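Just so we're clear, the structure is a prediction, and the values are computed from it rather than from any experiment.
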Amino acid sequence: MALAASMIWWAALGLSAAAIAYRLLAIWAVSSWKPVQGPGWPDGTSVTVLKPLCGMEDGLEQAIASFLEQATHMQVRYVFGAARADDPALTLARQVASRYPQCTAQFVVDDTIHGPNLKVSNLINMTKSGLGDLVVISDSDVVIPPGALQAALDALSAPGIGGVTSLYRGRPGLSGNRTRTFGAWYLDYWSLPMAALHARLGELDVTYGPLSAFRSEVLTLGGGLKSVAAHLCDDAALGRLVLTSGMKLGFAPHVVETLVNDASPRELLAHELRWSRTDRGEHPVGNLATVVSHPGPLPLLLLLQPGWIAAIGFVLPVLLRFALARLIEHRFGRAGSAGRIGITGVILRDLACFGVWLAGLISSTVEWRGQTMTVGRGGMLEPGQ
C-alpha cells in the first residue's frame with residue numbers, strides 16, 4: 001500500500017514538473033511570438049473574402065461590419081453564403097452590407113452538400129463564381145480590428161508563404177455573462193498560448209477558422225476544398241493543403257476575436273468537447289500529452305506526502321498560469337467584453353479543461369449543427385453510431 005502511494009506521489013510530481021515546464025515554454029513562446037511580414041502585392045491583385053453563415057448570434061452584426069469597414073489597397077469582393085434563403089444571418093448580412101455601398105458584396109444561397117462538413121460544403125458553393133488571386137476564409141462570428149485584413153494580405157506576400165492565419169482570443173457575445181466569459185478564458189489563456197508554442201516548437205501546420213488567407217492556387221491543389229469536406233477539423237486540413245503545395249504557413253500580424261455565445265454551461269461543455277474530440281482524432285498521442293497544460297485535480301495527489309515539494313508542485317503551476325494570463329493580456333490585449341481572470345478563475349478553468357479532456361478520451365461522437373457524427377483517425381467524419 002505504501003509502495004503504491006509512493007508511486008502515485010512520484011507520478012503526480014512528474015506531472016506537476018511537466019506542467020511547470022509547459023507554462024515556462026508557453027511564456028517564452030508568447031514573449032517571442034513574431035508574425036510574418038511581407039512586401040505587399042502589386043496593384044490589381046484581387047481578393048475574395050469568404051464568410052460562411054449559419055444562424056444568428058449575439059454580436060454578429062458587429063462581426064460582419066468589422067470586415068466591411070476594412071480599408072485595403074486591393075480589389076476585395078466579399079462573399080456571404082448560406083444553405084437557406086431564410087437564414088437570418090444572411091438577412092442581417094444583406095442589411096449590414098447595404099450600409100457600405102463602397103464594398104463589393106455577393107450573397108450565395110446553395111444547399112448542395114459535398115461532404116459531412118457542412119461549413120466546407122457552404123464554402124465550396126460560395127466559390128462557384130470564382131476566386132480572386134488571394135482568398136480569405138473567416139468564420140461568421142469573428143470581429144477584426146482596423147487594418148487586420150490588409151496586414152494579413154501583406155503577410156501572405158512574403159516569399160515562400162502560401163497561407164497565413166491569425167491567433168484569436170474570445171469575445172463574449174454578451175458582456176458580463178459568466179458562461180461566455182468562462183468560455184473566452186479558455187480561448188485566451190489556454191488555447192492561444194498552446195497555438196503560439198506549437199508554432200515555436202515545430203513548423204506551423206494548421207490554420208485557424210477566425211481568419212486565414214491563402215494564395216488561390218493553393219486551394220486548387222489535391223482536390224482543393226472538396227478534399228476537406230470530410231474533415232471535422234477543416235482548419236488542419238487546409239493547413240496540410242498549404243504544406244503539400246511546397247509552401248509554408250505563417251502567422252498574420254493581428255490577433256482577432258471570435259464570439260463566445262454558448263448560452264449555458266451545458267452548451268459550452270458540448271462545444272469544447274467537440275474541439276477535444278477533434279484534436280484527439282487529428283493527433284491522438286499529442287492530445288493525450290496535453291494533460292500537462294491542464295492537469296486539473298491531479299496535483300492534489302501530492303498531498304499523499306505533504307511537504308514543501310508538494311506545496312511547490314501544486315502552487316507553482318497555478319501561479320505560472322496566472323502570470324501567463326497577464327503576459328497574454330499585455331502582449332495581445334483582451335476583448336472589452338471579457339472579464340479578467342484571477343487565481344480562482346485559473347483553478348476553476350483548469351479543472352474544467354481537465355474534465356473536458358477526460359471526457360474527450362471516452363467518446364468519439366460529436367454533436368455538430370444538428371448532426372451526430374463520429375470522429376475517426378485523422379479527424380475524418382462518419383455518421384454517428
Side-chain angles (χ1 to χ4, degrees), residues 19 21-36 137-139 141-144 148 151-152 155 161 163-171 183-214 231-240 242-243 248-260 271-272 274-283 285-294 320-321 324-335 338 341 349-350 353 356-357 360 379:
Y22 169 83
R23 284 154 176 75
L24 290 172
L25 286 171
I27 288 172
W28 162 71
V30 169
S31 300
S32 60
W33 180 82
K34 290 183 180 180
V36 173
I137 299 177
S138 175
D139 293 342
D141 56 352
V142 176
V143 180
I144 61 175
I161 296 294
V164 296
T165 193
S166 293
L167 289 176
Y168 61 98
R169 58 178 178 251
R171 182 188 185 94
W185 284 348
Y186 167 72
L187 296 179
D188 287 26
Y189 307 126
W190 272 258
S191 178
L192 187 153
M194 186 179 293
L197 179 57
H198 170 79
R200 290 293 287 169
L201 296 181
E203 183 177 36
L204 180 62
D205 59 358
V206 299
T207 60
Y208 299 107
L211 180 67
S212 294
F214 307 88
H231 291 263
L232 177 58
C233 188
D234 46 274
D235 300 336
L238 286 171
R240 286 192 289 269
V242 174
L243 299 184
K248 294 184 178 182
L249 280 167
F251 280 120
H254 288 79
V255 174
V256 302
E257 297 176 351
T258 187
L259 295 171
V260 180
H271 199 165
E272 294 186 3
R274 190 177 79 234
W275 291 336
S276 181
R277 288 165 181 164
T278 301
D279 183 63
R280 181 162 67 90
E282 289 280 344
H283 308 102
V285 176
N287 177 260
L288 193 64
T290 58
V291 68
V292 303
S293 72
H294 41 65
L320 286 174
R321 176 67 73 177
L324 176 60
R326 290 295 176 261
L327 174 63
I328 289 169
E329 292 174 2
H330 175 74
R331 185 75 172 81
F332 301 122
R334 62 185 174 90
I341 194 170
R349 184 65 260 196
D350 199 72
C353 289
V356 168
W357 170 82

If you compare all heavy atoms of [X] against all heavy atoms of [Y], which two are closest, and at what distance to 0.1 Å?
X	Y	result
P210	T258	CG-CB, 4.3 Å
E272	V356	O-CG1, 3.6 Å
A252	S166	CB-OG, 3.5 Å

Close side-chain approach of [X] to [Y], heavy-atom, < 4.5 Å:
X	Y	answer
Y168	L211	no
V36	K248	no
L288	V285	no

Could I get the full list of side-chain hydrogen bond (donor to acceptor under 3.5 Å, both in side chains) partners for [X], not counting sequence neighbours?
X	result
S212	T165
H198	D205
T207	none

Check whether R171 reaches the backbone of V256 with its side chain - one donor and one acceptor, N or O, closer than 3.5 Å. no
Please check: side-chain N/O of R169 versus main-chain N/O of F332, any donor-acceptor pairing under 3.5 Å? yes
Report all side-chain donor-acceptor pairs from residues 187-197 shorter than 3.5 Å, counting only partners two or more places apart or in another chain.
residue, atom, partner, partner atom, Å
D188, OD1, G170, N, 2.6
Y189, OH, E329, OE2, 2.6
W190, NE1, D350, OD1, 3.3

I need the full list of side chain to side chain donor-acceptor pair (under 3.5 Å) pairs touching residues 21-35, with sequence neighbours left out, sorted by first then second residue. S32-R200
Pairing residues for A199 by the side chain to side chain contact (heavy atoms under 4.5 Å, CB included) criterion, not counting sequence neighbours: L204, F251
Partners passing ring-ring contact (aromatic ring centres under 6.0 Å, His included) against H271 (at least two apart in sequence or in another chain): W275
Hits for salt bridge (Lys or Arg N to Asp or Glu O under 4.0 Å) against R334, two or more places apart or cross-chain, chain-then-number order -> none
Separation between CD (E257) and CD1 (I144), nearest 0.5 Å, reads 11.0 Å
